[in-house]
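Note: hydrogens, waters and symmetry copies are ignored here, and every other heavy atom, side chains too, is used. In the text below, chain A, chain B and the rest are named by the order of the sequence lines, each starting its count at 1.
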2 protein chains.
Amino acid sequence: MKRNAKDFDMELLFRALADETRLRLLNLIGNDEVCVCYLVEALRTSQPKISRHLAYLRRAGVVEARREGKWMHYRVVEPADTYARKIFQELCLWLMQDQKMQRDRARLAKLCCTPQPPVQLQGAPRPLRIAAER
Amino acid sequence: MKRNAKDFDMELLFRALADETRLRLLNLIGNDEVCVCYLVEALRTSQPKISRHLAYLRRAGVVEARREGKWMHYRVVEPADTYARKIFQELCLWLMQDQKMQRDRARLAKLCCTPQPPVQLQGAPRPLRIAAER
DNA sequence: AGTACATATTCGTTTAAGCGAATATAATTC
DNA sequence: GAATTATATTCGCTTAAACGAATATGTACT
């Protein structure tokens, strides 16, 4: 019954997940580590908007960031709480099969693999996992 | 892959769950059917507040209501979507073990079983499951 | 019909979040 | 060290949502 464990703030988690842009970001990051510029391009939206939502996710403990020179890489952090983690994992399964999310991922993949990437992305570090595949 | 199934609105579900009062309500209702007046008493808060949050949950498809005379009974409706249902069920497990939620349930149980219920509850139909236990 | 009671809704206000535009910060390059 | 690039933050505004207080609706009872 874990009587001593500090109770997890489930409401905070749900608030973090209750926004389309943030769900799309989590979907794109997946279990990879993705540079902000790729997220901006893949979602075709403004950089400040992406940055603000990433900050929100970070405050909620859902993602962490790593700096690499001028680039910032974001990765998902699974919740420490057992129940929250299961919820999160189930959400990931949903993201995988949702059609809009699939389209987002396809767009990201295309950005990563195209021989002529948009100007914004030239020289930018590609997502780790995808980069590893080549 | 269910290509034809209309994609579930996961964001809507999370918004419904991203509020403490609504989580507490879902916790109290559980898999029972509970009269509004019991919810008001158990959460020690105003009746309009409870009513508004129940309306919110109903719009989000998370609960349904049944009228019985002047009383309204609310019950939880598990999401049709497989992933959403699993998330919901996992949330229920979390509710069961969370200490604050346990206290809420204890307060409701006490209201149901006390020989001298508060004036507001005299004559009100008790939660089905608890009523059935006696 | 009229009163009483349970619940729902509206009103006015406050607060949290979202956004685009502009600006600030931090690292890199020249 | 000045310019460039990537990202973060701030500003002003708009919208959603929460709240208490007041009011409306619906049902029951006399």
Donor-acceptor contact present, side-chain Glu41(A) to main-chain Tyr38(A), <3.5 Å: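 Here the side-chain-to-backbone pair does not exist.
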Rounded interatomic separation in angstrom, taking [atom1] from [X] and [atom2] from [N]:
{"X": "Leu54(A)", "N": "dG18(C)", "atom1": "CG", "atom2": "P", "value": "13 Å"}
{"X": "Leu25(B)", "N": "dA18(D)", "atom1": "CG", "atom2": "P", "value": "12 Å"}
{"X": "Lys49(B)", "N": "dT7(C)", "atom1": "NZ", "atom2": "C1'", "value": "17 Å"}
{"X": "Glu41(A)", "N": "dT7(D)", "atom1": "CD", "atom2": "P", "value": "11 Å"}
{"X": "Arg66(A)", "N": "dT7(D)", "atom1": "CZ", "atom2": "P", "value": "12 Å"}
{"X": "Trp71(A)", "N": "dA27(C)", "atom1": "CH2", "atom2": "P", "value": "13 Å"}

Strand contacts (DNA chain C) in residues 11-23 of chain B, 4.0 angstrom heavy-atom criterion: none
Asp104(B): which of Arg24(B), Arg44(B), Gln99(B) passes side-chain hydrogen bond (donor to acceptor under 3.5 Å, both in side chains): Arg24(B)
Between [Y] and [X], is there a side-chain heavy-atom distance shorter than 4.5 Å?
{"X": "Phe8(A)", "Y": "Tyr83(A)", "result": "no"}
{"X": "His73(A)", "Y": "Arg67(A)", "result": "no"}
{"X": "Leu23(A)", "Y": "Leu91(A)", "result": "yes"}
{"X": "Glu33(B)", "Y": "Arg66(B)", "result": "yes"}

Most 5' of His53(A) and Gln47(A) on DNA chain C, judged by nearest nucleotide: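 Going by which nucleotide is closer to the 5' end, it is His53(A).
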Earlier contact from the 5' end, DNA chain C, for Val40(B) and Arg52(A): Val40(B)
NZ or CZ of Arg85(A) within 45° of Phe88(A) ring axis and under 6.0 Å: no
For [N] and [X] - does any side-chain N or O of the residue sit under 4.0 Å from the phosphate oxygens OP1/OP2?
{"X": "Tyr38(B)", "N": "dT7(C)", "result": "no"}
{"X": "Tyr74(A)", "N": "dA6(D)", "result": "no"}
{"X": "Ser46(A)", "N": "dG20(C)", "result": "yes"}

If you check every side-chain atom of [X], which of [options] has the closest atom?
{"X": "Tyr56(B)", "options": "dC19(C), dA8(D), dA18(D)", "answer": "dA18(D)"}
{"X": "Arg58(A)", "options": "dA18(D), dC19(C), dA8(D)", "answer": "dA8(D)"}
{"X": "Met72(A)", "options": "dA8(C), dT27(D), dT7(D)", "answer": "dT7(D)"}

Pair Glu64(A) + Arg58(A), salt bridge at N-O below 4.0 Å: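 Answer for the salt bridge query: no.
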Under 3.5 Å, which donor-acceptor pairs do the side chains of residues 11-21 of chain B form with other protein atoms, sequence neighbours left out?
| unit_1 | atom_1 | unit_2 | atom_2 | d |
| --- | --- | --- | --- | --- |
| Glu11(B) | OE2 | Arg15(B) | NH1 | 2.8 |
| Asp19(B) | OD1 | Thr21(B) | N | 2.9 |
| Asp19(B) | OD1 | Arg22(B) | N | 3.1 |

Considering only nitrogen or oxygen atoms on both sides, find all protein atoms under 3.5 Å from nucleotides 28-30 of chain D and state each distance.
none

